[in-house]
Every structure is written in structure tokens, then in C-alpha cells.
Amino acid sequence: MPDKSIKLLTYNVHSCIGNDRKLDPGRIASVIAEAEADIVALQEVDVLRRRTGGVDQAHTIASLLKMQAHFHPALSIAEEQYGDAIITALPTGAVKAGPLPSIGEARGALSVELLVGGRKLLVVNTHLGLRGRERIRQMTTLLNSGWLHGSSDEPVPSILCGDFNAVPSSATYRLATRSLTDAQLAGNAAPRATFPSRYPLMRLDHIFVTNDLVVERASVLETRLTRVASDHLPLLAEISFA
């Protein structure tokens with residue numbers, strides 16, 4: 001059993017374009033470095049897109065943090081890609097990536113098995129759609145189709161995180177919390193909104209864990225830097241094995 005907890009950060013980075021309209025992947029890397037996160041789940045990452053200077057944002061952020069990036073494009077147009085990334089320095093095993101049933105913009109998910117002190121941990125990162133019916137289909141897929149069960153038959157302690165575009169009163173959120181624990185409700189602090197970053201009103205970004213994990217604490221990072229770096233605030237949770 002690992003003697004320390006791990007820190008997981010989920011963050012919709014808005015193509016690394018801040019509220020000041022500045023394009024700055026380095027600023028996003030600074031937010032992550034300050035949080036001292038071991039595992040980072042990013043949404044709205046641009047890779048080789050003309051609109052953001054043709055940079056591979058996943059690789060750029062990972063190299064600034066001296067970590068490895070796994071990237072899944074939810075959307076590909078020629079060589080231009082846009083999607084979700086998991087960045088970590090922990091040893092990784094099986095990686096799964098694929099589309100989710102989508103009505104509007106194409107959506108997908110990315111899962112990575114990690115080794116934490118000899119124990120397996122599965123992290124699934126996603127960015128759900130804008131329509132309620134679509135989100136329910138996407139969440140049902142993530143909960144029922146092997147996404148959360150990893151590559152083995154044995155249940156693996158799992159984390160489902162990302163931008164769910166779903167507030168706690170929504171059917172999508174309620175579906176998730178039937179079998180998973182919301183990290184923001186596990187600690188003593190009151191849950192906080194993550195969007196929009198300047199005046200947070202909605203809790204759209206979540207970290208859900210299976211019952212073989214313990215959330216030590218969870219917090220929304222609201223600083224001068226996070227209020228400008230993206231239109232979402234990052235959510236950080238410290239998690240250990242039960």
C-alpha cells in the first residue's frame with residue numbers, strides 16, 4: 001500500500017487562451033506546478049492547430065512539468081487536433097481512448113492505468129456535451145462499457161474526472177453519484193463552483209472516485225493566476241487508497 005496520497009488536478013484549459021485573450025501554455029503549466037499535482041487531466045487541449053500557433057499543447061505543458069503526456073483528439077481535421085490529455089510522471093500501463101456517443105460536437109474519453117506505489121489506479125478523463133440527453137448517453141457509456149473497469153477483470157480503484165458540463169442538480173451528475181463519490185463532497189470544505197473563472201457560478205468540473213479510494217481533501221484553486229489563465233478554475237483532490 002502506498003504511504004502517500006496522490007494529487008489529481010482536472011482543468012479545462014480553453015486551448016490555453018486566457019480571459020485576457022493571451023495564448024500561454026506556460027501559464028497553464030505554472031498553475032499545475034503550483035498545485036504540485038501528480039496526475040493532471042486536461043480538457044480543450046489544442047494540438048497542431050493553426051488558431052493556436054500550431055503548437056502541441058499537451059506535449060509543451062508536459063515537458064515544462066517534466067512529465068509524460070497522453071492525448072486523445074475528440075476532434076481531428078487533417079493534422080489539427082483538439083481534445084483531452086492526461087499528464088503525469090508516474091509509471092503508466094494500459095491506455096484506452098475513444099469517442100463517446102455525441103449529437104453536437106464530437107466528444108471522447110481517455111483512460112490511463114497508473115502505478116502508484118505498486119498499486120494500480122485507473123484515471124478516466126472526459127469532456128461531455130452541451131445537451132442533457134447527450135450527456136446522459138455519454139455518462140451511461142462511461143459507467144457501463146468497460147471505461148471505468150480498465151483492462152483487467154479485477155476491479156481497479158478508479159477516478160472519473162473532467163468537464164461534465166453538468167451541475168449537481170442535473171440527471172447526468174445524479175447518474176454518476178449513484179455509484180461514485182464526488183470528491184468535493186468528501187472533504188469538510190463546502191463545494192465550490194468552477195465556471196466561469198472570473199465569477200464562478202456553476203460547478204461543471206468534477207472528480208468522482210470509486211469506493212476503494214479515499215478523498216483526503218478537495219479544493220477549487222482560485223488565485224489571481226487561475227482567474228485569468230482559462231475560463232474554468234482547476235479542481236484539485238488529494239486521494240489515497242482505502
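Small disclaimer: the values here were computed from a predicted structure and weren't measured.
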Give the intermediate values and the outcome of side chain to side chain contact (heavy atoms under 4.5 Å, CB included) for residues V214 and E216. CA-CA 6 Å; V214 177; E216 311 285 349; 4.3 Å; yes
Does atom CZ of R137 have more than 12 heavy-atom neighbours, drawn from other residues, nucleotides or ligands, at distances under 6.0 Å? no
Compute whether any side-chain donor of one residue and acceptor of the other, for E44 and N12, lie under 3.5 angstrom apart. yes
Using every non-hydrogen atom in the two residues, find where E79 and L48 come nearest and quote the distance to one decimal. O-CB, 3.7 Å
Ion pair check, R203 and D182, cut-off under 4.0 Å: yes
Flag side-chain contact, heavy atom, 4.5 Å: L121 against I39: yes
From CA spacing to verdict: side chain to side chain contact (heavy atoms under 4.5 Å, CB included), V95, H72: CA-CA 10 Å; V95 177; H72 172 249; over 6 Å; no
Option passing side chain to side chain contact (heavy atoms under 4.5 Å, CB included) with R107 (candidates L130, T141, D84, L75): L130
Considering all heavy atoms of both residues, which atom of A183 and which atom of V215 are nearest to each other, and what is their separation? O-CG1, 3.7 Å
L213 reachable from L90 in the ILVMFWY side-chain graph, under 4.5 Å edges: yes
Gap between atom CG of L42 and atom SG of C16 - 0.5 Å precision: 8.0 Å
Which heavy atom of L175 sits nearest a heavy atom of L143, and at what distance? O-CD1, 3.7 Å
Quick check: are there more than 12 heavy atoms from other residues, nucleotides or ligands sitting under 6.0 Å from CD of E80? yes
Quick one: does S15's side chain have a donor or acceptor within less than 3.5 Å of a partner on I17's backbone? no
Separation between CG of D205 and NE2 of H127, rounded to the nearest 0.5 Å: 8.0 Å
Test item: E238 side-chain N/O and I6 main-chain N/O as donor-acceptor pair under 3.5 Å: no
Partner residues of H232 under the ring pair (Phe, Tyr, Trp, His ring centres under 6.0 Å) criterion, sequence neighbours left out: F195
So D231 and N19, do their side chains get closer than 4.5 Å, heavy atoms only? yes
Partner set under ring pair (Phe, Tyr, Trp, His ring centres under 6.0 Å) for F208, not counting sequence neighbours: F164, Y173, H206
Report yes or no: does R174 contribute a side-chain atom to a donor-acceptor pair with the main-chain N or O of S169 at less than 3.5 Å? yes
For V156 and T210, run side chain to side chain contact (heavy atoms under 4.5 Å, CB included): C-alpha distance rounded to whole Å, both residues' side-chain angles, the deciding distance at 0.1 Å, then the answer. CA-CA 9 Å; V156 178; T210 49; over 6 Å; no
So if I apply the side chain to side chain donor-acceptor pair (under 3.5 Å) rule between Q43 and each of D163, T126, N125, which one comes out positive? N125
Heavy-atom side-chain contact between P101 and E134 under 4.5 Å: no
Is the backbone N or O of L128 less than 3.5 Å from a side-chain atom of N165, with the two atoms forming a donor-acceptor pair by type? yes
Any chance you could lay out the salt bridge (charged side-chain N to carboxylate O under 4.0 Å, His left out) test for R119 and D212, step after step, and finish with the verdict? CA-CA 12 Å; R119 295 277 301 266; D212 39 18; over 6 Å; no
Using modelled atom types only, decide if a donor and an acceptor are shared between the side chain of T88 and the backbone of D38 within a distance under 3.5 Å. yes
V47 vs P73 side-chain heavy atoms within contact, under 4.5 Å: no
Which heavy atom of W147 sits nearest a heavy atom of L100, and at what distance? NE1-CD2, 4.1 Å
Rounded distance (nearest 0.5 Å) linking atom CD1 of I86 with atom CE of M67: 12.5 Å
Apart from L115 itself, members of its ILVMFWY cluster (side-chain separation under 4.5 Å) are none
Donor-acceptor contact present, side-chain R135 to main-chain G129, <3.5 Å: yes
Would you compute the distance between atom CZ of F241 and atom OG of S5 and round it to the nearest 0.5 angstrom? 10.5 Å
Close side-chain approach of R27 to D20, heavy-atom, < 4.5 Å: yes
Check for a donor-acceptor pair, side chain of D46 on one end and backbone N or O of Q57 on the other, with a separation under 3.5 Å. no
Considering only NZ, NE, NH1 and NH2 on the basic side and carboxylate oxygens on the acidic side, decide whether R192 and E222 come within less than 4.0 Å. yes
Minimum heavy-atom distance between A74 and G108, given as atom pair plus value: CB-N, 3.9 Å
Shortest non-hydrogen contact from A193 to V220? O-CG1, 3.6 Å
Please check if L9 and I239 belong to a single hydrophobic cluster, counting links between Ile, Leu, Val, Met, Phe, Trp and Tyr side chain heavy atoms closer than 4.5 Å. no
Approximate separation, where rounding is to 0.5 Å, of S111 OG and I159 CD1: 12.0 Å
Let me see the working for Q81 and D56 under side chain to side chain contact (heavy atoms under 4.5 Å, CB included), right down to the final yes or no. CA-CA 9 Å; Q81 299 181 323; D56 180 337; over 6 Å; no
Calculate, to the nearest 0.5 Å, the distance between atoms CD1 and CG belonging to I207 and L185 respectively. 12.0 Å
Please say whether more than 12 non-hydrogen atoms of neighbouring residues, nucleotides or ligands are located less than 6.0 Å from CZ in R133. no
Please check if the side chain of T10 supplies one atom and the backbone of C161 the other of a donor-acceptor pair under 3.5 Å. no
